[in-house]
Trainee: 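Can you keep this structure in mind? I'll have questions shortly.
Keep in mind that the numbers below use all heavy atoms, side chains included, and drop hydrogens, waters and symmetry copies. As the structure lists them, so they are numbered: ligands from 1, and atoms in each ligand from 1. The shown structure was predicted, so the numbers you read here are calculated from the model rather than taken from an experiment.
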Amino acid sequence: MARHEPAHQVVLIPGDGIGPEVTAAVRRILAAAGAPVDWVECRAGLAALEQGQDVLPRETLDAITRHQVALKGPCTTPIGEGFVSINVRLRKELDLYAAVRPVRNLEGVPTRYAGVDLVIIRENTEGLYSGIEATLAPGVVTTTKVATEKACTRIAGWAFRYARQRGRKKVTVFHKANIMKLTDGMFIRCARTVHDQEFSEIGYQEMIIDAGCMGLVQDPTRFDMLLLENLYGDVLSDLCAGLVGGLGVVPGANIGDRVAVFEAVHGSAPDIAGRDLANPLALLMSAVMLLNHLAETREDEACATAAQRIKDGYNRALAEGRKTRDLGGTLGTGQFADAVIERLPA
Ligand code: NAD
């Protein structure tokens, strides 16, 4: 059917390592599914550095601000030295304060657990990722953990509104306020206040994070939504990915009041980059979240239709055992994309 509305301009950052491979696969699938998206390709990460640009070029930030929506491949960050993580910078500069990571079992991806259906909400702008590090004396270094009432209240409000909109039953906050009484103490106090004042119909629970991690691996189905500060959210996202098949199946979104950047939880996987081994599914699922976001915020039904077609396509592919190696299959990145495209509903 001919479409009269213009397509949505969406910024695409291919990223580093496996990024270009998985973004290319996802682009192909979205085109085949008729997603009304025009890509505005921008650089960030090592790809920008190699072109003599900043790792997070001003023009990339401006393009995301202008178009308000982006799909981002993973970007490499040097370990223990070198530049500040572009992922952390991007989230802070654009004030993308809420990271949302749905973690669910998929048919055709057998794991130790069945019935896992979690949503992780991670505070994205402060905590131990504030970038405040100092050398006090030779051999003595510090990293400062920051918590502000404003950011703690904002993320709690966002999480409970999400719970209400999506009919979620319970929000569990993981913390270490027994040790970090000020910072984690503020995080739980703000969450509790927001809950008690505005969202008392939603279940609310606080758990010390070590006990919470044990509970998660014993029986993840006891949890519904997890609300976490920055570092805990980062760590728990990978832990929870492991419950449902690994990093190849967990998508994500970084959301602010005006702008949203969608990206998989996984990194640039330099160990498998350039070998046609990467699973594009996590980025594809992130693109489905992006299309649903466009459908909701711009009231464009065509985005919701394309999102559902893609979901049906990858669910069929997985159910028929058409999977990449990380999920026990034999397909390469491009072959999995072909398998999804062949199974898109008419
Ligand atoms: P990683 O997520 O890149 O990889 C961890 C393991 O999972 C590796 O064995 C990798 O091969 C595997 N893996 C990840 N994604 C996969 C996929 N799509 N298909 C199949 N296997 C996959 O984590 P890492 O190795 O700790 O980090 C590598 C780089 O990525 C670092 O520079 C890190 O800073 C960066 N990173 C970026 C982001 C981001 O851009 N949002 C997130 C996490 C890590």
Side-chain angles (χ1 to χ4, degrees), residues 11-26 29 42-49 55-56 60 64 70-94 96 99-101 103 106 109 120 122 124-125 129 131 230-231 233-255 260-287 289-290 314 318 323-337 340:
V11 172
L12 179 80
I13 300 172
D16 305 317
I18 60 170
E21 299 165 64
V22 291
T23 47
V26 168
I29 296 167
C42 293
R43 284 199 196 96
L46 292 181
L49 208 60
V55 277
L56 184 54
T60 299
I64 301 174
L71 182 67
K72 176 184 161 295
C75 293
T76 298
T77 305
I79 293 175
E81 57 180 15
F83 56 80
V84 176
S85 160
I86 86 120
N87 306 306
V88 172
R89 255 182 77 195
L90 185 79
R91 293 165 196 161
K92 277 167 74 171
E93 296 223 16
L94 297 172
L96 304 169
V100 187
R101 281 124 181 226
V103 179
L106 292 166
V109 183
I120 295 172
R122 162 186 175 189
N124 245 350
T125 63
Y129 289 21
N230 210 339
L231 170 69
D234 194 359
V235 175
L236 267 286
S237 296
D238 281 37
L239 185 152
C240 290
L243 304 173
V244 295
L247 287 165
V249 297
V250 179
N254 302 295
I255 297 186
V261 176
F262 295 80
E263 63 176 339
V265 169
H266 65 71
S268 55
D271 52 334
I272 57 166
R275 295 166 56 197
D276 197 36
L277 290 173
N279 187 353
L281 182 55
L283 190 71
L284 181 63
M285 295 165 93
S286 310
M289 290 173 76
L290 182 156
Y314 70 65
L318 295 175
K323 298 184 282 193
T324 45
R325 286 189 172 76
D326 56 309
L327 301 180
T330 56
L331 301 185
T333 312
Q335 288 171 322
F336 178 73
V340 174

Trainee: Starting from atom 14 (C) of ligand 1, which protein heavy atom do you reach first, and at what distance in Å?
Mentor: H266 CB, 3.7 Å

Trainee: If every non-hydrogen atom of L96 is compared with every non-hydrogen atom of N254, which pair is closest and at what distance?
Mentor: CD2-O, 3.7 Å

Trainee: To which protein heavy atom is atom 3 (O) of ligand 1 closest, and what is the distance rounded to 0.1 Å?
Mentor: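 Result for atom 3 (O) of ligand 1: A269 N, 2.8 Å.
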
Trainee: On a heavy-atom basis, which atom in G19 and which in P74 lie closest, and how many Å separate them?
Mentor: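 Looks like CA-CD, 3.7 Å.
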
Trainee: Tell me: protein heavy atom nearest atom 32 (O) of ligand 1, and distance?
Mentor: T77 N, 2.8 Å

Trainee: Which ligand 1 atoms, with their elements, are less than 4.0 angstrom from a heavy-atom of A278?
Mentor: 19 (N)

Trainee: Is K72 touching ligand 1 with its side chain, its backbone, both, or neither, if touching means heavy atoms under 4.0 Å apart?
Mentor: side chain

Trainee: Could you tell me whether V265 approaches ligand 1 through its side chain, its backbone, both or neither, with non-hydrogen atoms closer than 4.0 Å?
Mentor: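 The answer is the backbone.
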
Trainee: How far is atom 19 (N) of ligand 1 from the closest protein heavy atom, and which atom is that?
Mentor: N279 N, 2.9 Å

Trainee: Take atom 7 (O) of ligand 1 and look for protein heavy atoms under 4.0 Å from it; say yes if you find one, no if not.
Mentor: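 Yes, because at least one protein heavy atom sits under 4.0 Å from atom 7 (O) of ligand 1.
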
Trainee: Please determine which of T60, I64, N124 meets the side chain to side chain contact (heavy atoms under 4.5 Å, CB included) test together with L90.
Mentor: I64

Trainee: Going by the order shown, which atoms of ligand 1 are within less than 4.0 Å of some heavy atom of P270?
Mentor: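 Those of ligand 1 that fall under 4.0 Å from P270 are 28 (C).
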
Trainee: T324 and side-chain hydrogen bond (donor to acceptor under 3.5 Å, both in side chains): which single residue from D276, T330, T333, N279 fits?
Mentor: N279

Trainee: If we count only non-hydrogen protein atoms and require a distance under 4.0 Å, does atom 30 (O) of ligand 1 qualify as touching the protein?
Mentor: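 Within 4.0 Å: yes, protein heavy atom nearby.
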
Trainee: Side chain, backbone, both or neither: which part of R275 has a heavy atom under 4.0 Å from ligand 1?
Mentor: neither

Trainee: Can you give me the closest heavy-atom contact between I255 and A260, atom names plus distance?
Mentor: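 Distance-wise, the nearest heavy atoms are CG1-CB, 4.2 Å.
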
Trainee: Heavy-atom contacts with R91 under 4.0 Å: which atoms of ligand 1 show up? List them by number with element.
Mentor: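 Here the atoms of ligand 1 in question are 41 (N).
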
Trainee: Report, one line per pair, each donor and acceptor closer than 3.5 Å where one atom sits in a side chain of residues 236-245; sequence neighbours left out.
Mentor:
{"unit_1": "S237", "atom_1": "OG", "unit_2": "R101", "atom_2": "NH1", "d": "2.8"}
{"unit_1": "S237", "atom_1": "OG", "unit_2": "G233", "atom_2": "O", "d": "2.6"}

Trainee: Output, in order, the C-alpha distance, side-chain angles, deciding distance and verdict of side chain to side chain donor-acceptor pair (under 3.5 Å) for D16 and S268.
Mentor: CA-CA 6 Å; D16 305 317; S268 55; 5.8 Å; no

Trainee: Just do the side-chain contact (heavy atoms from CB on, under 4.5 Å) check on V11 and I13 with the steps written out, would you?
Mentor: CA-CA 7 Å; V11 172; I13 300 172; 4.2 Å; yes

Trainee: Closest heavy-atom contact between K92 and G131?
Mentor: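 For K92 versus G131, the nearest heavy atoms are NZ-N, 4.4 Å.
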
Trainee: Distance to 0.1 Å, residue and atom name: give those for the protein heavy atom nearest to atom 44 (C) of ligand 1.
Mentor: G267 CA, 3.3 Å

Trainee: Would you kindly specify which portion of N87 sits under 4.0 Å from ligand 1, judged on non-hydrogen atoms: side chain, backbone, both or neither?
Mentor: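 Just the side chain.
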
Trainee: So is there a nitrogen or oxygen of D271 less than 3.5 Å from a nitrogen or oxygen in ligand 1?
Mentor: yes

Trainee: Counting heavy atoms only, which part of L247 comes closer than 4.0 Å to ligand 1: side chain, backbone, both or neither?
Mentor: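 It is the side chain that touches ligand 1; the backbone stays farther off.
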
Trainee: Would you confirm whether E21, through its side chain, and G274, through its main-chain N or O, come within 3.5 Å as a donor-acceptor pair?
Mentor: yes

Trainee: Numbering the atoms of ligand 1 from 1, which are under 4.0 Å from a heavy atom of T76?
Mentor: 32 (O)

Trainee: Take atom 41 (N) of ligand 1 and look for protein heavy atoms under 4.0 Å from it; say yes if you find one, no if not.
Mentor: yes

Trainee: Below the 3.5 angstrom mark, is there an N/O of C75, backbone or side chain, next to an N/O of ligand 1?
Mentor: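 There is such a contact, yes.
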
Trainee: Look up atom CG in L277 and atom CZ in R325, then write down how far apart they are to the nearest 0.5 Å.
Mentor: 5.5 Å

Trainee: Could you report the tightest heavy-atom contact between A282 and A264, atom names first, then the distance?
Mentor: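 Result for this residue pair: CB-CB, 3.6 Å.
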
Trainee: Among all protein heavy atoms in this structure, tell me which lies nearest to atom 21 (N) of ligand 1, with the distance rounded to 0.1 Å.
Mentor: I272 CD1, 3.6 Å

